[in-house]
Number of protein chains: 2
Amino acid sequence: MITDSAKISIPNIDNEMKQQLMDNGTIKNFKAGDVILQENSYIKTLPIVLQGSLKVMREEEDGKEILLYYIKAGETCVMSFLGGISNDKSKVKAVVEEDSEILLIPIHNAQDWVSKYPSWCDFIFKLYHKRFEELLSVVNAMAFQKIDQRIVELLNKKYQLTGNKEISVTHQQLADELGTAREVVSRLLKQLEREKKISLSRNKITIL
Amino acid sequence: MITDSAKISIPNIDNEMKQQLMDNGTIKNFKAGDVILQENSYIKTLPIVLQGSLKVMREEEDGKEILLYYIKAGETCVMSFLGGISNDKSKVKAVVEEDSEILLIPIHNAQDWVSKYPSWCDFIFKLYHKRFEELLSVVNAMAFQKIDQRIVELLNKKYQLTGNKEISVTHQQLADELGTAREVVSRLLKQLEREKKISLSRNKITIL
DNA sequence: ATAGCTATGTGATATATATCACTGACCTGT
DNA sequence: ACAGGTCAGTGATATATATCACATAGCTAT
């Protein structure tokens with residue numbers, strides 16, 4: 001399958017590598033809300049985000065969940081990488097955040113390339129490291145910060161993702177991503193509005 | 001510097017690789033409590049634990065901290081790996097848990113070997129993955145579990161580390177590792193003792 | 001325009017954990 | 001055996017968050 005080379009823009013990936021990605025991968029389009037990777041499912045492909053973004057969540061049986069990090073354009077899901085190789089079931093859920101175009105690479109290719117192409121190996125290592133630091137900051141937030149600070153940081157992350165100060169999200173969604181209750185989020189958001197840091201309307205929060 | 005080959009037992013590391021480790025590494029001994037890696041310090045060596053164990057903590061400025069995971073014999077600190085390469089300051093603190101013998105590898109060697117020796121690359125990737133999952137379980141614990149459950153799991157981890165049901169630890173240490181207060185731990189331990197799950201004495205907790 | 005749905009606002013109350021204040025128990029060095 | 005330190009036990013209280021219960025607001029389809 002031949003895909004459009006122009007679409008693949010990954011930092012520090014050389015042309016030979018890019019050719020491999022094009023020859024072996026398949027491009028698919030997804031809509032916001034689509035689930036790319038289910039918790040406890042087996043992993044057969046490595047998703048590389050070409051456009052849009054995914055969010056990766058950890059989920060508890062009872063439906064409670066918490067946001068781990070976002071996967072942006074030019075990045076991939078490291079959990080899929082070694083998880084796929086060791087034939088693990090996925091321990092996380094990946095959901096499309098913004099409408100996305102995703103390049104799916106068979107997991108065995110992704111593995112082979114590590115020893116063949118230094119730029120690929122480097123790409124994977126750098127991402128592992130980035131995710132590791134992001135997870136660390138989740139741990140940090142949960143251990144040392146109160147929920148109001150965490151809400152502010154989450155809103156800022158969403159702003160950075162899209163560059164838009166108008167964030168389309170419900171209180172329930174924020175509560176889910178923070179692993180808390182909707183009422184808690186509503187109250188704290190109201191407080192932030194009183195402090196003139198944000199303004200609230202239905203399905204939308206605007207950063208001031 | 002030539003070190004004793006017999007001491008180096010790392011799963012799936014071949015002899016050529018082992019020779020490299022011996023030729024380029026230095027063995028040092030540390031006592032329980034020694035700090036191997038300070039938060040915010042630069043990283044110049046990759047520590048491989050030959051005997052004993054380390055614990056890796058995340059620390060907040062005000063002295064509050066939380067346990068991330070243990071590094072056991074035959075393992076290394078992945079945070080040091082790419083952190084060292086990108087010349088990052090360490091975001092974690094590593095403390096010797098049990099008296100340890102540690103092989104220190106210059107960080108540039110560790111990096112070079114990734115492309116030269118597939119077994120080394122594999123070793124590093126597998127560890128990244130393992131740590132990733134451990135961090136995930138820390139996130140999980142903090143998000144979804146109450147402190148009493150977390151104490152029980154921490155005691156079990158410590159038991160698995162040494163194989164000894166008598167655990168030498170103070171309530172303060174447990175509180176630090178869980179990121180909570182000593183009184184909270186004392187009360188919950190007392191409760192566990194009433195339930196006949198453990199028995200308490202000064203500096204020691206015995207799992208029943 | 002109405003019905004029905006989803007999202008939000010908010011009081012009341014429950015619970016887990018954090019903090020403060022103090023006591024006594026145990027250990028170590030002299 | 002005593003002094004001074006560290007460790008553990010525990011009441012009282014404060015705080016953050018979770019849960020329950022309900023009211024109202026805004027959107028959507030007919």
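No hydrogens, no waters, no symmetry mates; every other heavy atom, side chains included, goes into these values. The chains referred to below are lettered A, B, ... by the order of the sequence lines, with proteins before strands, and numbering in each begins at 1.
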Enquirer: Sequence neighbours left out, what passes side-chain hydrogen bond (donor to acceptor under 3.5 Å, both in side chains) with B:E195? Give chain and number order.
Expert: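 Here the qualifying residues are B:Q191, B:K197.
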
Enquirer: What residues form a ring-ring contact (aromatic ring centres under 6.0 Å, His included) with B:F30, not counting sequence neighbours?
Expert: none

Enquirer: Could you list all N or O pairs between the protein and nucleotides 25-28 of chain D that sit under 3.5 Å apart?
Expert:
none

Enquirer: Less than 3.5 Å apart, any donor N or O on the side chain of B:Y70 or B:K158 sitting next to an acceptor on the other?
Expert: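 Checked: B:Y70/B:K158 side chains pair up, N/O donor to acceptor below 3.5 Å.
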
Enquirer: Nucleotide by nucleotide, 5' to 3', does protein get under 4.0 Å of the base (B), only the sugar-phosphate (S), or neither (-) in nucleotides 9-18 of chain D, counting heavy atoms?
Expert: BBBB---SSB

Enquirer: Does B:K126 have any side-chain hydrogen bond (donor to acceptor under 3.5 Å, both in side chains) partners at least two apart in sequence or in another chain, and if so, which?
Expert: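 If we apply the side-chain hydrogen bond (donor to acceptor under 3.5 Å, both in side chains) test to B:K126, skipping adjacent residues, the hits are B:D122.
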
Enquirer: Using the side chain to side chain contact (heavy atoms under 4.5 Å, CB included) criterion, which residues pair with A:V114? Sequence neighbours excluded.
Expert: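 Side chain to side chain contact (heavy atoms under 4.5 Å, CB included) check on A:V114 returns A:F81, A:W120, A:C121, B:C121, B:F125.
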
Enquirer: B:Q173 has an atom CD; how far is it from atom P of D:dC7, in whole Å?
Expert: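 In whole Å, D:dC7 P and B:Q173 CD are 8 Å from each other.
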
Enquirer: Residues two or more places apart in sequence or in another chain: which of them pass side-chain hydrogen bond (donor to acceptor under 3.5 Å, both in side chains) with B:S186?
Expert: B:H171, B:R182

Enquirer: Can you check the A:Q191 CD to C:dG11 P distance for me, whole Å?
Expert: 13 Å

Enquirer: Write down the distance between CG (B:L192) and C1' (D:dA8), rounded to a whole number of angstrom.
Expert: 15 Å

Enquirer: Tell me the salt bridge (Lys or Arg N to Asp or Glu O under 4.0 Å) pairs involving residues 38-53 of chain A, sequence neighbours left out?
Expert: A:E39-A:R58

Enquirer: Between the two end axes of the helix from C:dA1-D:dT30 to C:dT30-D:dA1, each built from 5 base pairs, what angle do you get to the nearest 10°?
Expert: 40°

Enquirer: Table please: side-chain donor-acceptor pairs of residues 141-155 of chain A below 3.5 Å, with sequence neighbours left out.
Expert:
residue : atom : partner : partner atom : Å
A:Q145  : NE2  : A:E153  : OE2          : 3.1
A:Q149  : OE1  : A:K146  : N            : 3.3
A:R150  : NH2  : A:L178  : O            : 3.2

Enquirer: My understanding is that only residues two or more places apart in sequence, or in another chain, count here; which of them pass side-chain hydrogen bond (donor to acceptor under 3.5 Å, both in side chains) with A:Q111?
Expert: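 Listed in chain order: nothing, the list is empty.
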
Enquirer: Starting from C1' on C:dT19, measure out to CD on B:Q172 and report it in whole angstrom.
Expert: 13 Å

Enquirer: Among pairs that include at least one residue of residues 159-170 of chain B, which meet salt bridge (Lys or Arg N to Asp or Glu O under 4.0 Å), considering only residues two or more places apart or in two chains?
Expert: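 Every pair satisfying salt bridge (Lys or Arg N to Asp or Glu O under 4.0 Å) with a residue in residues 159-170 of chain B: B:E166-B:K204.
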
